Amino acid sequence: MTGALAPIKPLTALDRCDRCGAQAYIRATLPVGGELLFCAHHGRQHVTVLRDKGAEIQDESARLSESPASAPDGER
């Protein structure tokens, strides 16, 4: 084992919050193995405790405030 971290895969629309089923924007990778997925709302509720317990947090909730890319002319 090299000790290198596996590349982080981005969250997609298929990833769902383990708490409510909404689209997940936060992944908590637990130190004992496994992961938990959360929507932004539930992630904010749990991320501090999970981080304190050693979980690695992947937070993509900033995507919620991004503007969608505009369609090229003629494709609207």
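This one's a predicted model, so the numbers in the text were calculated from it and none came from an experiment.
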Could you pull out all donor-acceptor pairs under 3.5 Å where a side-chain atom in residues 59-66 meets a protein atom, sequence neighbours excluded?
unit_1, atom_1, unit_2, atom_2, d
Asp59, OD1, Ser61, N, 2.8
Asp59, OD1, Ser61, OG, 2.6
Glu60, OE1, Leu11, N, 3.3
Glu60, OE1, Arg63, NH1, 2.3
Glu60, OE2, Leu11, N, 3.2
Glu60, OE2, Gln58, NE2, 2.5
Arg63, NH1, Leu11, O, 3.2
Ser65, OG, Ala62, O, 3.0

Open item on the list: Could you go through Phe38 and Leu50, starting from their C-alpha distance and side-chain angles, then the distance that decides it, and tell me whether this counts as side-chain contact (heavy atoms from CB on, under 4.5 Å)?
Closed with: CA-CA 12 Å; Phe38 295 106; Leu50 288 165; 3.6 Å; yes

Task: From Thr29 atom OG1 to Leu36 atom CG, the distance as rounded to the nearest 0.5 Å - done: 9.0 Å

List the atom pairs, donor and acceptor, that lie under 3.5 Å between side-chain atoms in residues 15-23 and the rest of the protein, sequence neighbours left out.
unit_1, atom_1, unit_2, atom_2, d
Asp15, OD2, Thr12, N, 2.8
Arg16, NE, Gly21, O, 3.0
Arg16, NH1, Ala13, O, 2.7
Arg16, NH2, Gly21, O, 3.2
Asp18, OD2, Leu37, N, 2.8
Gln23, OE1, Tyr25, OH, 3.4

Task: Closest heavy-atom pair and its distance - Cys39, Ile26 - done: O-CD1, 4.2 Å

Task: Linked, directly or transitively: Val49 and Leu30 (ILVMFWY side chains, under 4.5 Å) - done: no

- [ ] For His42, enumerate each residue passing the ring-ring contact (aromatic ring centres under 6.0 Å, His included) test, keeping only those at least two apart in sequence or located in another chain.
- [x] none

